[in-house]
There are 2 protein chains.
Amino acid sequence: MVQHSILETLSGPLRKEVLSSLQSLHFEHGKILFRAGDPCQGLPLVLNGTVKVQMTGLSGHSIVLYRMGADDICTLSIGCLMTGDGFRAEAVVEEDAEVFMVPRGLFDRLMDQSADFRLGVMESYGRRLNDLMLLVEEVAFRRMDERLAHWLETRAVEGSIRITHQELAVELGTAREVVSRLLKELERQGKLRLSRGCISFVQ
Amino acid sequence: MVQHSILETLSGPLRKEVLSSLQSLHFEHGKILFRAGDPCQGLPLVLNGTVKVQMTGLSGHSIVLYRMGADDICTLSIGCLMTGDGFRAEAVVEEDAEVFMVPRGLFDRLMDQSADFRLGVMESYGRRLNDLMLLVEEVAFRRMDERLAHWLETRAVEGSIRITHQELAVELGTAREVVSRLLKELERQGKLRLSRGCISFVQ
DNA sequence: CGGCCTTGTGTGACTTTATCACTGAACCGC
DNA sequence: GCGGTTCAGTGATAAAGTCACACAAGGCCG
């Protein structure tokens, strides 16, 4: 059974060969897929779970750049694969993930032999580039209270979330104190209830 | 004569065909290559000159995302070409530029037939992704005075530069007043001399 | 159970950056 | 030389980041 849509587009024999040569790797929550400076071993195809990609500045502060989920391709790896440079960011598994690791040689062959594979890779690249451009815009021009509110809104469906202020600060690329103060203000307004490691949405 | 290194890697007949079907377009200083929302017409290969790519936030503020120079590929276009989405950013010619515009069909054929072309495109993508990641880090965590000083340092060789505070603010993604104040402080320290539309480096 | 340690949160004081609302200076074209 | 436009400077205020600490919640272990 094919487990990643980009492989489903491959012609019969090629797909068969790929599937027989690849084995899915299992990564648990908290596991590091790669660290800043690591050389790239191959192109990870994410089958399921979620992986966040974040980078740390000289100041020691970190920011989450984007997330990968089921059916994603870790496009960041391709550039490193091509140039031989190390990663600038690190990838941390959030929900347990299964990953196909496509080595350089096989990646080159797939790019050579499948137009659909190329298309999938290019589309993925385009999306990532757009994501990062939007992130730049957000970080440069949006107010932190709006960004925090927006982040919370997208998860509000769950009623409450388990996250520390520090982790939330990394999501937004700011300082823990800033998050604490903004959250406290939202609690004063009656929109949230705070407890250690947990944020509950009122109503 | 081949004018873009990525075309030099093509096999004889293919290169010949490409060069005969493409004509270089000339863009003058200030000309807009594409605007936010425009659909993508093809992949621009920059032969010479420089083009800056910038985006404007909802607030109306803009920030320069990256520059393209001789031998660059406008990788941003590929994603738009693939997905059919419009551009999120705009490209403005700084120094008069010549550009080959590779239409979708030809791009697909080159990707299909030349491993070196693919490699060039992938490398370019990787570099752009790295540039944007570094920009996120810079915008999120670096102090404005350091960023301004760094920007100025990289051009200090020229003795003086013609740029308005507003343009410099767009380079850094901040407000004009902030740039004015920081520059004034540097002038007070005797490091710069300011005049309308011009910054001179002392010594 | 109580003490101790680790991790997470709250907050005051202060600096840096952004925003708003102006003023005035420099240049351009008649 | 006059009037309009573009640039630059600046005070007041708000938002965000930094530093330094106090304290609270939960886990662990004797």
Side-chain angles (χ1 to χ4, degrees), chain A residues 29-30 56-64 135-152 160-200, chain B residues 29-30 56-64 135-152 160-200:
Chain A
H29 168 82
T56 302
L58 292 178
S59 60
H61 283 171
S62 300
I63 182 169
V64 173
L135 181 60
V136 169
E137 195 266 339
E138 184 179 325
V139 171
F141 303 131
R142 290 279 225 290
R143 291 179 40 152
M144 197 52 76
D145 53 356
E146 290 174 24
R147 293 177 57 206
L148 175 62
H150 177 251
W151 195 97
L152 291 173
S160 76
I161 44 180
R162 297 206 57 74
I163 191 171
T164 66
H165 297 186
Q166 177 57 48
E167 287 163 346
L168 202 33
V170 170
E171 292 290 329
L172 300 173
T174 184
R176 199 263 315 157
E177 299 92 314
V178 173
V179 171
S180 288
R181 273 191 256 261
L182 290 172
L183 285 174
K184 206 68 196 165
E185 177 57 27
L186 288 173
E187 188 180 43
R188 270 190 282 268
Q189 293 172 13
K191 295 177 181 166
L192 299 178
R193 296 238 347 245
L194 301 177
S195 55
R196 187 187 172 90
C198 183
I199 301 173
S200 312
Chain B
H29 168 81
T56 302
L58 292 179
S59 60
H61 284 172
S62 301
I63 182 170
V64 173
L135 181 60
V136 169
E137 194 265 341
E138 185 179 324
V139 170
F141 303 131
R142 291 280 225 289
R143 292 180 41 150
M144 197 52 78
D145 54 355
E146 290 175 23
R147 292 177 56 205
L148 175 61
H150 178 250
W151 195 97
L152 292 172
S160 77
I161 45 180
R162 297 205 58 75
I163 192 171
T164 66
H165 297 186
Q166 177 57 49
E167 287 164 345
L168 202 32
V170 170
E171 291 291 329
L172 300 172
T174 182
R176 201 260 317 154
E177 300 91 314
V178 174
V179 171
S180 289
R181 275 191 255 260
L182 291 173
L183 285 175
K184 207 68 196 166
E185 177 57 27
L186 288 173
E187 189 179 41
R188 271 190 281 270
Q189 293 172 13
K191 295 176 181 168
L192 300 177
R193 295 242 342 248
L194 301 177
S195 55
R196 187 187 170 91
C198 184
I199 301 173
S200 312

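Lettering of chains follows the sequences in order, A, B, ..., and the numbering in each one begins at 1. Worth knowing before you read on, the calculation uses all heavy atoms, side chains too, and leaves out hydrogens, waters and symmetry mates. Only a predicted model underlies this, so the values are computations on that prediction, with no experimental measurement involved.
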note = In whole angstroms, the gap separating C1' of C/dT19 from CG of B/Leu58 amounts to 17 Å

remark   = Residue set satisfying ring pair (Phe, Tyr, Trp, His ring centres under 6.0 Å) with A/His165, at least two apart, ordered chain then number -> none

ask   = Nearest-Å distance, CD (B/Glu185) to C1' (C/dT17)?
value = 15 Å

ask   = Would you call B/Glu138 and B/Arg147 a salt bridge, using N to O less than 4.0 angstrom?
value = yes

key: Residue that, paired with B/Ile63, satisfies side-chain contact (heavy atoms from CB on, under 4.5 Å) out of B/Val139, B/Thr56, B/Thr174, B/Leu172   = B/Val139

message = Walk along nucleotides 7-16 of chain D from 5' to 3' and tag each nucleotide B, S or - by protein heavy-atom contact under 4.0 Å, base first, then sugar-phosphate.
response = SBBBBB--SS

request  = Output, in order, the C-alpha distance, side-chain angles, deciding distance and verdict of side-chain contact (heavy atoms from CB on, under 4.5 Å) for A/Lys184 and A/Arg181.
outcome  = CA-CA 5 Å; A/Lys184 206 68 196 165; A/Arg181 273 191 256 261; 5.6 Å; no

request  = Nearest whole angstrom, please: distance from the P of C/dG10 to the CG of A/Leu192.
outcome  = 11 Å

request  = Compare side-chain N and O positions of A/His61 against OP1 and OP2 of D/dT18 and report whether any pair is under 4.0 Å apart.
outcome  = yes

task = Nearest whole angstrom, please: distance from the C1' of C/dA18 to the CG of B/Leu148.
result = 16 Å

inquiry  = Under the criterion side-chain contact (heavy atoms from CB on, under 4.5 Å), I'd like the reasoning laid out for A/Ile199 against A/Arg162: C-alpha separation, chi angles, the key distance, then a yes or no.
reply    = CA-CA 6 Å; A/Ile199 301 173; A/Arg162 297 206 57 74; over 6 Å; no

ask   = Are any of the side-chain heavy atoms of A/Leu148 and A/Leu183 separated by less than 4.5 Å?
value = yes

